[in-house]
Amino acid sequence: MMMRTHTCGELRLNHINMTVTLCGWIKNIRNKGALMWIDLRDRYGVTQLLLEEGITDHTIFAQARTLGREYVVQVKGEVVERINKNAALSTGDIEVRILTIEILNSAKLPPFLIEESTDGGEELRMQYRFLDLRRPSMQQNLLLRHQVNQLVRHYLNQQNFIEVETPTLIKSTPEGARDFVVPSRIHPGYYYALPQSPQIFKQLLMVAGLDRYYQIVKCFRDEDLRADRQPEFTQIDAEISFVDEQEVQTIFEGLVQFIFKQVKQIELAPFPRITYADAMAYYGTDKPDLRWGMPLIDLTSSAKGKGFSLFDESSYVLSIVLKGGANYSRKQLDHLRDFLKENFPNVACPCYVKYKSDNKILSSLDKWYSIADYTSWLQAGNATPGDLLILLGGHGDMVYKALGSLRLEVAKVAKLSPIDEYMPIWVTDFPLLEWNQEKERYHALHHLFTAPNPSDIGLLATNPDQVRARAYDMIINGYEIGGGSIRINQQEMQKKILAILGFSEKVSQEQFGFLTKAFTYGSPPHGGIALGMDRICWLLGGGNSIRDYIAFPKNNAGRDVMIEAPSLIPDKQTT
C-alpha cells in the first residue's frame with residue numbers, strides 16, 4: 001500500500017467526500033476543546049486537518065492531544081468543504097476530517113520557529129539547516145535553482161553542446177586564488193588540488209574536437225568570503241571551438257535572456273557593451289550598475305589651479321550629480337563623508353555644491369571658486385535646480401574607485417536602484433596583464449590562457465600592461481555573473497605569455513607542458529565562459545546572500561557549522 005494517496009498541496013473542492021491518506025510534518029496545532037485543527041505540511045503545501053468531538057473517535061482525539069510541532073504523521077481522513085475558507089492556501093477551500101492517525105516519528109521542540117517570520121538568527125539556522133530547509137521560502141529557493149539547472153541544460157542542449165564531466169582531483173597551479181589541496185596517501189608528500197575551474201580540461205576538450213562543451217560544475221577557491229562568495233561554488237562552464245568574442249557573447253546572452261523569460265517572465269533587452277577603460281572612467285569599477293546613470297565627471301582641468309590645495313594637489317578631481325539632493329541635511333552629508341573615511345581612509349573628504357530649487361548655488365568653496373566655476377561644473381554634469389554636486393579629489397586609480405563606491409552608497413541611501421529591474425551589460429577589452437608591485441612582476445588579470453588582442457601583440461615586448469585581452473565579463477546590476485575569453489591556442493604564444501608572467505621554461509614545462517604539447521597537435525581557435533549559478537539564482541530570487549540558494553552553505557568564516565567542518569582528522573587518515 002502507498003503511504004500517501006495525495007500530497008499536502010494537492011486537495012481541492014473536487015476531492016470532497018474522498019477518503020485520502022496524507023503524510024507530513026505538523027506545522028501548527030489549534031486546540032479549542034471540542035474542536036481541534038492541525039496544519040500538516042510537506043514540500044507541496046499545507047492541508048488543514050479537523051477533529052470534532054462527537055464525530056471523531058475519542059481515542060483518535062486523545063491521541064491527537066499528544067502530538068507536537070514537527071511530529072511526522074500519517075493521517076487517513078475524509079475531504080470536506082471548509083466553512084471558513086483560507087484564500088492564502090492553495091488547499092484553503094477544503095479540510096480533512098481525521099479517521100486515523102499514526103505517529104511516524106516524534107520531534108523535539110525546534111530551536112526556532114519553522115515559519116517565514118522565523119525567530120532564528122542566520123548562524124542558528126545554519127547550525128540546524130535541515131530544519132531551516134523546511135521553511136517554504138527556502139524550499140522555493142532550491143526549487144528555483146532546480147528550475148535554472150533544467151533551463152540551462154535545455155538551452156545548451158538545443159545549441160548542440162554536450163555535457164562532459166572533468167576531474168575533481170587535479171594538479172595545483174601557481175596563479176589565481178589559493179587552492180584547496182588533498183594529500184595523496186599512496187604517493188606520500190604529493191598533493192592533488194581541487195579545481196578552481198575546469199579551464200585546462202575544457203580547452204583540451206576543444207583540442208579533442210568536441211566543439212561545444214558545457215558542465216554545471218563545482219569549483220573551489222580558498223579565498224576570503226563575503227555575501228556573494230563561497231569556498232565551493234557552482235559554475236555553468238562552457239567552451240566552444242571556431243568562435244570569436246561576439247559569438248560566445250551572443251550564445252550566453254541568449255541563455256540568460258531565456259532563463260529570465262522562463263523564471264520571471266522578463267524580456268531582457270540586448271546587452272549593451274562597455275569597455276573596461278570606459279567602465280573605470282565613468283563608474284570607477286569594472287562591474288558598473290547602470291540602472292540609475294550618475295556617471296563620474298572629470299573636472300580636473302577646471303577645478304585645479306584656483307588655490308584650493310585639496311584639489312590643486314590631486315591628480316584628478318571627479319564629481320557625480322545626485323538628482324534632487326540639494327536639500328540633503330548635514331547628517332546625510334556626514335554619512336557620505338564617514339562612508340569614504342571608513343572605506344578609503346587615504347582619500348580626502350568630499351566637497352559639495354548645492355543647486356537649490358530657486359536657482360541659488362551654495363557651497364563651502366566660495367573662497368576659491370566663483371559662481372561661473374560652479375555653473376560650468378553643474379553644466380558638465382547636466383545638473384538641474386534641486387540637484388547636488390559631489391566632488392572628490394585624489395591620486396591615481398584610487399580616486400576613481402572611491403567615487404565609484406560612493407556612487408553606489410549614494411544610490412543605496414537614496415533608493416535609486418529600481419526593484420525588479422535588471423540591467424545586464426558586457427564589459428570588454430580588459431587589460432591582459434597587471435603589474436604586481438609587491439611581487440615585482442606581471443600577473444594575468446583573468447587567467448594565464450586568455451588571448452591578447454591581435455592588434456596589441458606588438459606591445460607584449462615593450463608595454464605589456466597596455467595589451468588588451470580578448471576577455472569579457474557579464475555584469476547584472478553591478479554583480480559579476482560570469483566571465484570568459486577567447487583562449488590562446490598556439491604553443492609559442494602561450495610560452496611567450498608564461499615568460500612575461502615570470503615562469504621559467506622549466507616551470508612552464510612542469511606546470512603546463514601537457515597543454516602546450518596539445519596545442520602542437522591541431523588546436524582550433526576557441527573561447528568560452530563561466531557563469532555563476534549561485535549568483536544567477538540569487539539575482540532571480542532575491543534575498544540577502546547566495547547562501548539562501550545553496551542547500552548546505554558555509555558561513556562567513558568558511559565553516560559548515562552544522563557538520564562542524566573543517567575538523568581535525570585521525571592520524572591514521574593522513575598516513
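These numbers come from the heavy atoms of this one structure, side chains and all, not from hydrogens, waters or symmetry mates.
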Asks: With ring pair (Phe, Tyr, Trp, His ring centres under 6.0 Å) as the test, would you mind laying out the steps for Phe161 and Tyr213 before giving the verdict?
Replies: CA-CA 5 Å; Phe161 284 77; Tyr213 138 94; 8.4 Å; no
Asks: Are more than 12 heavy atoms from other residues, nucleotides or ligands located less than 6.0 Å from atom OH of Tyr190?
Replies: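 12 or below, so no.
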Asks: With a 4.5 Å cut-off on side-chain heavy atoms, are Val96 and Val80 touching?
Replies: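 Answer no - side chains too far apart.
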Asks: So which pairs with a foot in residues 22-38 pass side-chain hydrogen bond (donor to acceptor under 3.5 Å, both in side chains), sequence neighbours left out?
Replies: Lys27-Glu115, Asn28-Arg69, Arg30-Asp39, Arg30-Gln48
Asks: Begin with the C-alpha distance, continue with both residues' side-chain angles, and end with the deciding distance and a verdict on salt bridge (Lys or Arg N to Asp or Glu O under 4.0 Å) for Lys287 and Glu480.
Replies: CA-CA 6 Å; Lys287 299 183 285 290; Glu480 181 188 335; 5.1 Å; no
Asks: Measuring only between side-chain heavy atoms, which start at C-beta, is Ile94 closer than 4.5 Å to His15?
Replies: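 Ile94 does not reach His15 side chain to side chain.
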Asks: Above 12 or not: heavy atoms from other molecules or residues under 6.0 Å from CD of Glu342?
Replies: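 12 or below, so no.
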Asks: Working to the nearest 0.5 Å, report the span between CZ of Phe180 and CZ of Arg178.
Replies: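 Rounded to the nearest 0.5 Å, the CZ-CZ separation comes out at 9.0 Å.
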Asks: In terms of side-chain geometry, is the basic nitrogen of Arg134 or Glu70 positioned less than 4.0 Å from the acidic oxygen of its partner?
Replies: yes
Asks: Rounded to the nearest 0.5 Å, what separation is found between the NE2 atom of His446 and the OG atom of Ser485?
Replies: 7.0 Å
Asks: Is any side-chain N of the basic residue among Asp42 and Arg4 closer than 4.0 Å to the acidic one's carboxylate O?
Replies: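 Yes, this pair counts.
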Asks: Is a salt bridge present between Arg547 and Glu123, judged by a nitrogen-to-oxygen distance below 4.0 Å?
Replies: no
Asks: Measure the OG1-CG distance between Thr168 and Leu194 for me, rounded to the nearest 0.5 Å.
Replies: 7.5 Å
Asks: Not counting sequence neighbours, which residues clear side-chain contact (heavy atoms from CB on, under 4.5 Å) with Ile60? List them please.
Replies: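 Result, side-chain contact (heavy atoms from CB on, under 4.5 Å) vs Ile60: Leu51, Thr56, Asp57, Gln63, Ile98, Ile101.
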Asks: Can you confirm whether more than 12 heavy atoms, excluding those of Asn14, are under 6.0 Å from its CG atom?
Replies: yes
Asks: Decide yes or no for Pro136 and Glu116: does some side-chain heavy atom of the first lie under 4.5 Å from some side-chain heavy atom of the second?
Replies: yes
Asks: Is there a side-chain contact between Thr47 and Glu95, using heavy atoms and a 4.5 Å cut-off?
Replies: no
Asks: Counting only heavy atoms not in Gln265 (residues, nucleotides, ligands), do more than 12 fall under 6.0 Å from its CD?
Replies: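 Atom CD in Gln265 is crowded, with more than 12 foreign heavy atoms closer than 6.0 Å.
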Asks: Distance check, rounded to the nearest 0.5 Å: His526 atom NE2 versus Leu205 atom CG?
Replies: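 Separation between the atoms: 10.0 Å.
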Asks: If we only count heavy atoms from C-beta on, is the Pro424 to Leu268 side-chain gap below 4.5 Å?
Replies: yes
Asks: Mind checking whether Met562 and Met126 have side chains closer than 4.5 Å, heavy atoms only?
Replies: no
Asks: Whether Asp534 and Arg229 form a salt bridge (side-chain N of Lys/Arg under 4.0 Å from carboxylate O of Asp/Glu) is what I want to check.
Replies: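 Salt bridge between Arg229 and Asp534, a charged N being under 4.0 Å from a carboxylate O: no.
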Asks: Which residues pass the side-chain hydrogen bond (donor to acceptor under 3.5 Å, both in side chains) test with Lys412, not counting sequence neighbours?
Replies: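 Residues passing side-chain hydrogen bond (donor to acceptor under 3.5 Å, both in side chains) with Lys412: none at all.
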Asks: Any chance you could measure Lys264, atom NZ, to Leu539, atom CG, to the nearest 0.5 Å?
Replies: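 One gets 9.5 Å once the value is rounded to the nearest 0.5 Å.
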Asks: Please determine which of Glu163, Gln235, Glu239 meets the side-chain hydrogen bond (donor to acceptor under 3.5 Å, both in side chains) test together with Tyr214.
Replies: Glu163
Asks: Salt bridge check: are Lys202 and Asp237 linked by an N-O gap of less than 4.0 Å?
Replies: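 Judged by the 4.0 Å cut-off on N to carboxylate O distance, Lys202 and Asp237 do form a salt bridge.
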Asks: Do Lys401 and Thr285 touch side chain to side chain, with heavy atoms closer than 4.5 Å?
Replies: no
Asks: Going by heavy atoms in the side chains, are Arg291 and Asn477 under 4.5 Å from each other?
Replies: yes
Asks: For Lys76, does the NZ atom sit with more than 12 other heavy atoms under 6.0 Å from it, leaving out its own atoms?
Replies: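 Counting other residues, nucleotides and ligands, NZ of Lys76 stays at 12 neighbours or fewer.
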